[in-house]
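Every number for a ligand or one of its atoms is a count from 1 in the order of the listing. A quick note: this is a predicted structure, and the numbers were derived from the prediction, not measured.
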Amino acid sequence: MSSSPREQLVSRDKRFVWHPYTPMEAYVRDAQPLVIERASGSRLFDVNGRSYIDGNASWWTSLLGHNHPRLVRALTEQAEKFCHTALAGITHEPAIDFAERIIARAPEGMSRVFFSDNGSTAVEAAIKLAAQYWVQQDKREKSLFLSLERAFHGETLGVTALGGVEAFRAPFAALTMPVLHLPSPALDEERALTVLSQTLREQASQIAALVLEPLIQGAGGMLMYSPVYLQRARELTEKYDVLLIVDEVFTGYGRTGPFWACEQAGITPDLLATAKGLSGGLLPFAATLATERVYEGFLGDSSRAFYYGHTYCGNPLGAAVAREVLQVYEEERIIEKAAQKALLLRERWEAWASLPGVSGVRCLGMCAALDLGEEGSTYLDPRGAQVCAAALRRGAYVRPLGSTLYVTPALNIPDEDLTELCDILEASLQEVL
Ligand SMILES: *Cc1c(COP(=O)(O)O)cnc(C)c1O
C-alpha cells in the first residue's frame, strides 16, 4: 500500500524527531501534525497546499509576517558576501549598523549592545553581566536574583532558575541557582508591590538584580499587568541600588503597542534583552543592551573583561536581517498601523467575555488572551488544545498555554486575515464550550 507524501513525512518524523515541549508517547500515537511546505505573510501552507492563518507568528517571532521580501533579500545579499565571522576583536558592518540603530531606538540612556543568538542567551548574558558587575564593584555579596512567579526567561540553566512556571523548572531543581520568586503583579498588584518593596528594603545588600518581563508574562499564561508596577520597580531598584533587567524578548518590537513595553512606563532598565521579533523570524539572533554605567563596570585591566560569548553572536546574516527589520518598521510604519489592528483585535475578543466557559479576557497591543473555565492556566489542562484543534480544522494555526487561548499575530497581518482568524476562533470556542 502506498501512502501519501505527507504520511511518509509524518511517519519518518515520528521515527526520528524529538519535539520540544511535547509528550512524545501521545504525539507518536495520536498526533496529526501540520507539515509545512512554505509560508508567506500571515499564512502557512502545508504539503497538501492548504493554507492556515498563523495566529502566533510562529512562536512570537515573525512580527513582519513570513518571508517578508525585503528581509529575504537582505539575508540572501549578505549570504553572497559572507555568512559568518567571529566577533571577538574582529568586526563587520551589519553588526555595527544594527548596534547603532537599535541604540537609537532603545530606551533613553542605553548605549551598548552585547550580541548573542537567542532569547535565553540574551537573558543569560544579562544575569552574568549583572553578577560580574557587582563582583567588580567589590560587592560580591550582591549575588541573589529576584524574578516573578509565572515568569519565563528561557531554557539555559541560569534563566531556568529565574523561571516561575513549575513544569519548566521542577525537573532541574537540583541544578539551578537560588532565586527569590516574588508575587506577580498580574495576579495581585498591591501585594506584589508590597513584597517587592519589603524584599528590597531588607535584602538589597544581597541582591544583584530584579528580572522582569515587562507588562506581559508570556509563556506563564499571557498574564498582563499595569505600567505602574514597572515604574515602581524602577524607582525601588534605583533607591536600593539593585540592577533592573528587563526581558523584552517577547514584548519588544511593538508587541504591546510601542516599540518597547518599557516605553509604556517611561523607564530605562540597566540591561534589556531582545530576540524573537528582532530578526523577523528568519534566523536566531539576539542582543542584550546595557547602560554606560554597566559597561564602565567592565573597563580597566583585562581581568575585568566579560569573558563570555557564543560562536554565532553577532552573526552577519542575523545582523543584516535585524538591520533590515528596523528599516522596515520605519518605512512601513509598522507600529502606527498595528495600533489600528490592535483595536480590531480587542473589539472581537472583548465580545467573547460573555460566552459561557470564558473568563479573564485580556488584550494589550497585538496580543489577546482568555482563560477557558475559571482556573488560571495550567499546562496540563486539555481545553486550550481542544479549541486549537477545532481552529486548525477551520484553517487557523494557534497553540494554547494550557487552558489559556491566545493570539499573537504578525503586526502587519492584513485586516481580512485578522478578521478571519477571529471568526475561526469564535466558531471554535462555540464548538468546544
Ligand atoms: C521566548 C522567550 C525567551 C527565550 O527565547 P529563546 O529564543 O526561545 O531562547 C526568553 N524570554 C521571554 C520573555 C520569551 O518569551
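Note on residues 93-105: pairs passing salt bridge (charged side-chain N to carboxylate O under 4.0 Å, His left out), not counting sequence neighbours, are D97-R323. Every pair passing ring pair (Phe, Tyr, Trp, His ring centres under 6.0 Å) that includes a residue from residues 139-164 is listed here, sequence neighbours excluded: F152-F168.
No side-chain N or O of N118 forms a donor-acceptor pair with one of H310 less than 3.5 Å apart.
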With a 3.5 Å cut-off and sequence neighbours excluded, list the donor-acceptor pairs that the side chains of residues 274-288 form with protein atoms.
unit_1	atom_1	unit_2	atom_2	d
S279	OG	L283	O	2.7
T288	OG1	A122	O	2.8

May I have every N or O pair linking ligand 1 to the protein at under 3.5 Å, one per line with atom names and distance?
unit_1	atom_1	unit_2	atom_2	d
ligand 1	5 (O)	G119	N	3.4
ligand 1	5 (O)	S120	N	3.4
ligand 1	7 (O)	G119	N	2.8
ligand 1	9 (O)	N118	OD1	3.2
ligand 1	9 (O)	G119	N	3.4
ligand 1	9 (O)	S120	N	2.8
ligand 1	9 (O)	S120	OG	2.5
ligand 1	11 (N)	D247	OD1	3.4
ligand 1	11 (N)	D247	OD2	2.7
ligand 1	15 (O)	K276	NZ	2.7

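Using a cutoff of 4.0 Å between basic side-chain nitrogens and carboxylate oxygens, D241 and R293 are scored as salt-bridged. Salt-bridge annotation for E426 and R348: present, with a side-chain N of the basic residue lying under 4.0 Å from a carboxylate O of the acidic one.
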